[in-house]
Amino acid sequence: MFTVWAPDASTVSLVLSGGASVPMLRGDGGWWSVEAEGTDYAFSVDGSDPMPDPRSPWQPDGVHGFSRVFDSSRFAWSDGDWAGRDVRGAVFYELHLGTFTPEGTLEAAAEHLDYLVALGVEVVSLLPVAAFPGRHGWGYDGVDLYAVHEPYGGPEALQRFVDQCHAVGLAVCLDVVYNHLGPSGNYLDSFGPYFTSRHTTPWGPAVNLDDEGSHEVRRWICDNALRWFREFHIDALRLDAVHALVDDSPVHLLAQLSDEVAALAEELGRPLGLVAESDLNDPRMVEPVAEGGLGMTAQWSDDFHHALHTLLTGEVAGYYADFAEPGVFAKTLTQVFLHDGSYSTFRGKDWGRPVDPARHRGWEFLAYTSNHDQVGNRALGDRPALTPGQLAIGAALVITSPYTPMLFMGEEWGASTPWRYFTDHTEPELADAVRTGRRREFAAYGWDAAEIPDPQDPETWRSSVLDWTEVDEEPHAELLRWYRDLLALRARNDDLRNDRLDSVGVVATESWLVVSRGSLRVVVNLETESAEIPLDGVPAYEVMAFGTAEVVAEGVRLSGHSVVIFAV
């Protein structure tokens, strides 16, 4: 049975790959259906050219091609003993399939799963896999949200990848984008009111969550999320930029999705997670729906990133300006948000709400030194220009924090490769608009347009592919050992796995800081020269260090750009 929602259409036909056109019958609610034999198909609405299915499970010929039937039940799963994983507190590793390996496929990525396990990773967090235009791209301009990008291997390859992850004890989080769709291959408007002019977003008209016809649009989104959990055994979804899901309905889409995912988790007998990217700085995001919250399992904390980035790099341009004041990092380490009702100069208004440590735990928030946005959205896509010691400091402050830690692929060895913004649009006008827009955006910050990598140049993608030969070379290998040791320490130490926000103490100056985590002290020298740093107790022994540390009368002498963890 072929079905499609097209509430305003007068006629809808099923078009099969051989050219046959079969009229469809209108049913209740604007749904059309017909029984037919075929695997590759499209729909014609009121005599239009054939268009892919809005719920296409497979786009083997790209976003402009015919859809293909996919029977997800045919895959022979071997993860029957997989009990799932509560992703709160688990170690995330964010990776982009197209640049994680030179091959850029799910199959190639699977060859590195043992490496991730040895590193200490617990959740593989995939950037979007929904079908998008061309071969190379970030995936945030996807248009066929039910399909898996064919160059990555298609839908069965994703099932196989998840099965392989579960076999070695790794959960899988999948990035999904429900706040907008890309401009190329987006045929949804031809089928029905998937968008509304009632609200706008940075990408144009908003996805229709509260206007006429929104019930079916909301079902299109919720059914998509449930499908990843049920048919692909995904463990968690990372929801992109949920602040752009503009919804004035009595029940917000996120609350609806939370309730439906909770019901499915009970049915499947394993935990299912929803991790939000939100710019709102509002703890309501992770509060239960029954208590007036939106029910997300966890959310990213960009304030923590910005404070740590400013602490290590000294950058104060743009939104980093607010994070340069003394005490900012200490606040984000213990209270999550800097802007918790205070004035945000970047936004030009008071922003956010405070996190109540009596109600919220640290594991509800993800902490990181970098991620795909914070690297890729820089003009050159450059990773932080830090010394090995500074990179080690950043890792220590994230991994010993009370938050859920997340790594961005390659950071664990200080990868020299950038991660740039790249696209592969075939339409010349769109390609030129993307190129021009990128250069105009950074020209406003004083960049020469000629310095900005061309997103359409294949070299921009190619330069972003990880160089795996670096893992065995110094100083990369030393940093990688540090990450492994840190993650191993976190896994076995109860003090570091205590996610109570009031369990963290911080003493800081502009030159150094000491973080207290139970019986452990994380001592950091931010300066290039050695320094004596006072401690509140006599170190019993050194647990691990990056750099050299010497116990002195009132504390420890630490070499420049170094970090040591003591037990006291």
Side-chain angles (χ1 to χ4, degrees), residues 1-75 130-131 142-148 150 154-156 178 181-182 184-198 205 207-232 249 253 256-257 260 263-264:
M1 175 75 75
F2 292 90
T3 62
V4 68
W5 182 61
D8 300 324
S10 299
T11 64
V12 179
S13 297
L14 171 71
V15 182
L16 299 173
S17 58
S21 180
V22 185
M24 303 181 75
L25 298 178
R26 185 185 181 97
D28 294 339
W31 281 89
W32 299 73
S33 62
V34 68
E35 290 277 4
E37 295 291 332
T39 57
D40 287 26
Y41 68 99
F43 296 114
S44 172
V45 178
D46 291 332
S48 70
D49 290 336
M51 298 177 291
D53 185 352
R55 293 183 176 226
S56 170
W58 194 357
Q59 288 295 123
D61 298 316
V63 298
H64 300 288
F66 274 45
S67 302
R68 179 172 292 173
V69 172
F70 176 71
D71 183 358
S72 62
S73 66
R74 295 183 61 182
F75 184 76
V143 289
D144 293 303
L145 301 192
Y146 282 66
V148 176
E150 187 66 13
E156 187 173 325
Y178 297 139
L181 283 88
S184 178
N186 182 359
Y187 298 96
L188 292 177
D189 262 345
S190 298
F191 288 91
Y194 281 87
F195 301 92
T196 174
S197 58
R198 176 182 291 183
V207 175
N208 179 17
L209 303 178
D210 57 8
D211 206 346
E212 184 176 353
S214 62
H215 172 77
E216 289 297 346
V217 178
R218 294 166 73 102
R219 279 264 48 92
W220 174 71
I221 292 174
C222 290
D223 289 348
N224 176 264
L226 299 178
R227 176 174 179 265
W228 295 122
F229 290 128
R230 188 189 299 276
E231 299 181 25
F232 290 83
S249 302
L253 173 74
Q256 176 184 344
L257 183 58
E260 293 191 16
L264 180 59

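With sequence neighbours left out, the ring-ring contact (aromatic ring centres under 6.0 Å, His included) criterion links Tyr178 to no other residue. When the side-chain contact (heavy atoms from CB on, under 4.5 Å) test is applied to Pro60, the partners found at least two apart in sequence or on another chain are Trp58, Arg68, Glu150. Arg198 meets the side-chain contact (heavy atoms from CB on, under 4.5 Å) test with Thr196, Asp210, Asp211; sequence neighbours excluded. Applying the ring-ring contact (aromatic ring centres under 6.0 Å, His included) rule to Phe232 yields the partners Trp228; only residues at least two apart in sequence or on another chain are considered. By the side-chain hydrogen bond (donor to acceptor under 3.5 Å, both in side chains) test, Tyr194 is found to be paired with no residue, residues two or more places apart in sequence or in another chain being considered. Annotation: ring-ring contact (aromatic ring centres under 6.0 Å, His included) contacts of Phe229 (sequence neighbours excluded): none. Remark: Pro7 pairs with Trp5, Pro193 by the side-chain contact (heavy atoms from CB on, under 4.5 Å) rule, at least two apart or across chains. Applying the side-chain contact (heavy atoms from CB on, under 4.5 Å) rule to Ser56 yields the partners Asp53, Gln59, Ser67; only residues at least two apart in sequence or on another chain are considered. For Ser73, the side-chain hydrogen bond (donor to acceptor under 3.5 Å, both in side chains) partners two or more places apart in sequence, or in a different chain, are Asp71. Here Asp144 pairs with nothing under the side-chain hydrogen bond (donor to acceptor under 3.5 Å, both in side chains) rule; sequence neighbours left out. Residues passing the side-chain hydrogen bond (donor to acceptor under 3.5 Å, both in side chains) test with Ser249 are Arg218, Asp247, sequence neighbours excluded.
For Gly47 against Thr11, the heavy-atom pair with the smallest separation is N-OG1, 4.3 Å. What you find for Glu260 and Leu226 is that their closest heavy atoms are OE1-CD1, 3.6 Å. Taking every heavy atom of both residues into account, Met24 and Val34 meet most closely at CG-CG1, 3.8 Å. Taking each heavy atom of Asp46 and Ser10 in turn, the nearest pair found is OD1-N, 2.8 Å. In this structure, Ser184 and His64 approach most closely via the heavy-atom pair OG-NE2, 3.3 Å. The two residues Leu14 and Phe43 have their closest heavy-atom pair at CD1-CE2, 3.9 Å.
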### Task
Take Val15 and Tyr41, measure what side chain to side chain contact (heavy atoms under 4.5 Å, CB included) needs, and give me the verdict at the end.
CA-CA 6 Å; Val15 182; Tyr41 68 99; over 6 Å; no
### Query
How far apart are the C-alpha atoms of Val45 and Val4, what are their side-chain angles, what is the distance that settles it, and do they pass the side chain to side chain contact (heavy atoms under 4.5 Å, CB included) test?
CA-CA 10 Å; Val45 178; Val4 68; over 6 Å; no
### Message
Between Asp223 and Arg219, is the side chain to side chain contact (heavy atoms under 4.5 Å, CB included) condition met? List the steps.
### Response
CA-CA 6 Å; Asp223 289 348; Arg219 279 264 48 92; 2.8 Å; yes
### Query
For Asn208 and Phe195, what are the C-alpha separation, side-chain angles and deciding distance, and is it a side chain to side chain contact (heavy atoms under 4.5 Å, CB included)?
CA-CA 4 Å; Asn208 179 17; Phe195 301 92; 5.5 Å; no
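A donor-acceptor contact shorter than 3.5 Å is absent between the side chain of Tyr187 and the backbone of Pro54.
Listed by first and then second residue, the side-chain hydrogen bond (donor to acceptor under 3.5 Å, both in side chains) pairs that reach into residues 16-39 are Trp31-Glu216, sequence neighbours excluded.
Considering CG of Asn186 and CG of Leu181, their distance stands at 5.0 Å, rounded to 0.5 Å.
A 4.5 Å side-chain heavy-atom check between Pro155 and Glu231 finds every atom pair outside the cut-off. The shortest distance between side-chain heavy atoms of Cys222 and Leu253 falls below 4.5 Å.
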